[in-house]
Asks: 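Here it is, the structure, as structure tokens.
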Amino acid sequence: MGKPTGFMEIARVENPYRDEAARLRDFEGLHIPQPTDARRAQASRCMNCGVPFCQSDFGCPLHNLIPEWNDLLYRGREREALERLLQTAPFPEFTGRVCPALCEKACNLENDALTNRDNELYLIETGFERGWIQPRIPKLRTGKRVAVVGSGPSGLACADLLNRLGHEVTVIERADRAGGLLMYGIPNMKLPKAIVERRIQLMEAEGVRFLLNTEAEPEITNEYDAVALCGGAKRPRTLNVPGSFAVDYLTAATRAVLSGSDPSIDARDKHVVVVGGGDTGNDCVGTALRQGCASVVQLEMMPAPPVERMANNPWPEWPRTLRTDYGQLEAIYRQGSDPRIYETTVKRLLPGQVETVKLKGFDPIPGTEQIIPCDLMLIAAGFVGCETATAERFNVKLNPRGCMLPENGGHHLRANLFSAGDMRTGQSLVVRSLADGRAAAMEIHNWLGGKAL
Ligand SMILES: Cc1cc2nc3c(=O)[nH]c(=O)nc-3n(C[C@H](O)[C@H](O)[C@H](O)COP(=O)(O)OP(=O)(O)OC[C@H]3O[C@@H](n4cnc5c(N)ncnc54)[C@H](O)[C@@H]3O)c2cc1C
């Protein structure tokens with residue numbers, strides 16, 4: 001176990017943010033990585049608990065062997081630590097940047113938890129730097145062909161594992177670049193797009209084929225031995241007023257960053273109102289500030305969460321407490337106050353303005369209307385399931401949450417058709433969709449003949 005007294009001697013120190021003034025000038029990464037000594041010291045704090053909740057269902061959906069690789073990292077055995085990490089984590093360079101780190105909230109050290117996410121990121125980036133990450137080309141091929149529809153984290157994880165198991169995998173993606181929401185959704189400052197491209201190139205070198213700009217048609221069920229539908233759940237919740245959907249706005253922003261041109265939806269010099277106080281809304285706030293908006297507010301229907309855990313939300317559950325994310329911190333820096341306005345929604349849109357109203361539960365409170373400036377309204381009010389068009393074309397019935405969840409709760413829809421990721425579960429997290437993609441890959445592998453192959 002790390003250093004027996006490590007957690008008593010050494011304080012938790014996260015990778016610090018670049019300061020706001022600098023990071024608001026560009027779309028580069030948010031954090032400053034720390035050197036090797038600092039990482040080893042942080043890893044030494046792991047207590048190797050009898051019951052490591054960090055790697056349990058409460059902590060890591062991938063069941064990463066966190067105490068084991070923290071111990072190896074502490075001892076300076078980075079390469080072995082990375083190998084241990086890669087046994088369960090397909091793409092630590094993504095989770096090491098964007099995971100909310102459920103494992104840290106489940107850590108026995110609670111508020112003083114291990115910095116697992118930063119440690120994970122250090123291991124994988126060290127691996128890339130030192131050339132330890134090389135294409136792993138399967139020695140045997142099964143002769144079975146699998147199509148994976150969608151190249152988000154679930155599709156990539158599914159394709160990666162099926163390829164390792166020797167199947168011939170083709171990823172079919174309608175967008176011009178692979179990655180799903182990793183590419184067009186999560187902003188560049190949280191996940192630089194070169195990092196996504198690096199992984200796609202590695203997978204190509206390992207034998208996975210990517211067909212971009214290609215809409216998946218149902219005929220593929222005849223052309224391939226198995227098909228995994230991993231098309232995500234991006235159908236947005238609509239409002240009674242018009243506005244741009246958050247993912248469309250964030251996609252346009254990323255396209256502009258990648259091409260060096262002006263975004264097709266631009267917040268420059270505009271008063272921006274983001275409807276939705278969650279993580280997607282926060283990404284819109286951070287992006288609008290970088291584009292040079294005149295002001296930004298974020299409306300949230302629900303009351304502000306409590307600062308401390310409530311009695312009905314004990315450790316090691318994910319804490320439903322107030323979090324102030326990077327975009328909101330940047331708004332506080334730029335505007336002097338938190339952009340979030342709670343228990344409030346939009347009543348109507350006026351020229352250059354919006355009328356808001358306070359809510360009690362979901363009911364508007366008469367007389368609480370307010371007018372605020374608004375030149376650009378961004379709707380980040382959540383998602384209501386996967387696209388109906390794909391479901392209709394593949395003749396799959398959606399469940400009440402708008403997802404392709406088979407009745408037995410698994411991944412097998414019918415005949416040679418499977419589903420995974422947000423398309424199966426509804427909008428979730430990168431780490432959950434990675435785990436779901438891998439689980440689907442194992443189900444497909446077994447269905448194709450498993451070990452017998
Ligand atoms: C703005 C935003 C920010 C987020 N930030 C975070 C974060 O910081 N951390 C985190 O853990 N989670 C985050 N999430 C959630 C996370 O991104 C998703 O849970 C995850 O990407 C889901 O992966 P997926 O593979 O199931 O689907 P997606 O990533 O949605 O990928 C689906 C892909 O399928 C393609 N596709 C769909 N239908 C077809 C078809 N018929 N033919 C061909 N291609 C098709 C789509 O073009 C898309 O590329 C965020 C979500 C959003 C919207």
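For ligands, and for the atoms within them, numbers begin at 1 and follow the listed sequence.
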Asks: Looking at ligand 1, would A380 count as a contact under a 4.0 Å heavy-atom criterion?
Replies: no
Asks: Determine, for D26 against R18, whether the closest basic-nitrogen to carboxylate-oxygen distance falls under 4.0 angstrom.
Replies: yes
Asks: Only heavy atoms count here, so choose which of D283, V431, L181, D176 is nearest to atom 17 (O) of ligand 1.
Replies: L181
Asks: So, are E443 and R438 salt-bridged, with charged N and O less than 4.0 Å apart?
Replies: no
Asks: Do the numbers put R177 on top of the ring of Y184, so that NZ or CZ is under 6.0 Å from the six-membered ring centre and no more than 45° off the axis?
Replies: no
Asks: Can R237 be said to sit on top of F383's aromatic six-ring, NZ or CZ under 6.0 Å from centre and within 45° of the ring axis?
Replies: no
Asks: Students should be able to answer this: which protein heavy-atom is nearest to atom 31 (O) of ligand 1, and at what distance?
Replies: G152 CA, 3.4 Å
Asks: Using a 4.0 Å heavy-atom threshold (strictly under), name the region of T214 that reaches ligand 1: side chain, backbone, both or neither.
Replies: backbone
Asks: Using the side-chain hydrogen bond (donor to acceptor under 3.5 Å, both in side chains) definition, which of the options K144, H445, R145 pairs with H167?
Replies: H445
Asks: Applying a heavy-atom cut-off of 4.0 Å, say which part of R432 lies close to ligand 1: side chain, backbone, both or neither.
Replies: neither
Asks: Considering the heavy atoms of Q427, write down every atom of ligand 1 situated less than 4.0 Å from one of them.
Replies: 15 (C), 18 (C), 19 (O), 51 (C)
Asks: For ligand 1, indicate whether the residue V430 contacts it via side chain, backbone, both or neither (heavy-atom separation under 4.0 Å).
Replies: both
Asks: Looking only at protein heavy atoms, which one is nearest to atom 47 (O) of ligand 1, and what is the separation?
Replies: E173 OE2, 2.7 Å
Asks: Between G231, G421, C386, S428, flag the one that comes closest to atom 15 (C) of ligand 1 by a heavy atom.
Replies: S428
Asks: Thinking salt bridges, do R174 and E387 make one under a 4.0 Å N-O criterion?
Replies: yes
Asks: What is the nearest protein non-hydrogen atom to atom 2 (C) of ligand 1, stated with its residue, atom name and distance?
Replies: T280 OG1, 3.8 Å
Asks: Salt bridge check: are E206 and R164 linked by an N-O gap of less than 4.0 Å?
Replies: yes
Asks: Show the atoms of ligand 1 that are less than 4.0 angstrom away from any heavy atom in G150.
Replies: 33 (C), 34 (O), 35 (C)
Asks: Taking only heavy atoms of G180 into account, list the atoms of ligand 1 that are under 4.0 Å away from them.
Replies: 29 (O), 31 (O), 48 (C), 49 (O)
Asks: Taking the basic N atoms (NZ, or NE/NH1/NH2) and the acidic carboxylate oxygens, is any pair closer than 4.0 Å for E78 and R39?
Replies: no
Asks: Answer with side chain, backbone, both or neither: which part of S433 has a heavy atom less than 4.0 angstrom from an atom of ligand 1?
Replies: side chain
Asks: Could you tell me the residue and atom name of the protein heavy atom closest to atom 9 (N) of ligand 1, and the distance to it rounded to 0.1 Å?
Replies: V98 O, 2.8 Å
Asks: Quick one: which ligand 1 atoms are inside 4.0 Å of a heavy atom on L250?
Replies: 1 (C)
Asks: Among all protein heavy atoms in this structure, tell me which lies nearest to atom 40 (C) of ligand 1, with the distance rounded to 0.1 Å.
Replies: E215 OE2, 3.5 Å
Asks: Could you tell me whether the side chain of E173 reaches within less than 4.5 Å of the side chain of T214, counting heavy atoms only?
Replies: no
Asks: Tell me which protein heavy atom sits closest to atom 38 (N) of ligand 1, plus the residue, atom name and distance to 0.1 Å.
Replies: R174 NH2, 3.5 Å
Asks: What atoms of ligand 1 come within less than 4.0 Å of a heavy atom belonging to I172?
Replies: 43 (C), 44 (N)
Asks: Keeping Q427 on the side-chain end and G382 on the backbone end, is there a donor-acceptor pair under 3.5 Å?
Replies: no
Asks: Using a strict cut-off of less than 4.0 Å between a Lys/Arg side-chain nitrogen and an Asp/Glu carboxylate oxygen, indicate whether R290 and E330 qualify as a salt bridge.
Replies: yes
Asks: My understanding is that only one of Q87, R84, Q55 makes a side-chain hydrogen bond (donor to acceptor under 3.5 Å, both in side chains) with E68; could you say which?
Replies: R84
Asks: How does K190 reach ligand 1, by side chain, by backbone, by both or by neither, if only non-hydrogen atoms under 4.0 Å count?
Replies: side chain
Asks: Would you tell me whether Y333 and D19 have side-chain atoms, one donor and one acceptor, within less than 3.5 Å of each other?
Replies: no
Asks: Do we see a donor-acceptor contact under 3.5 Å between the side chains of N416 and T221?
Replies: no
Asks: Can you tell which of T390, I186, V247 gets a heavy atom nearest to atom 4 (C) of ligand 1?
Replies: I186
Asks: Quick one: nearest non-hydrogen protein atom to atom 22 (C) of ligand 1, plus distance?
Replies: D422 OD2, 3.0 Å
Asks: Note the single closest protein heavy atom to atom 42 (N) of ligand 1, along with its residue, its atom name and the distance in Å.
Replies: A216 N, 3.1 Å
Asks: Test of understanding: given a 4.0 Å heavy-atom threshold, classify the contact between F383 and ligand 1 as side chain, backbone, both, or neither.
Replies: side chain
Asks: Would you tell me which option among A101, P100, S154, G185 has the nearest heavy-atom contact to atom 24 (P) of ligand 1?
Replies: S154
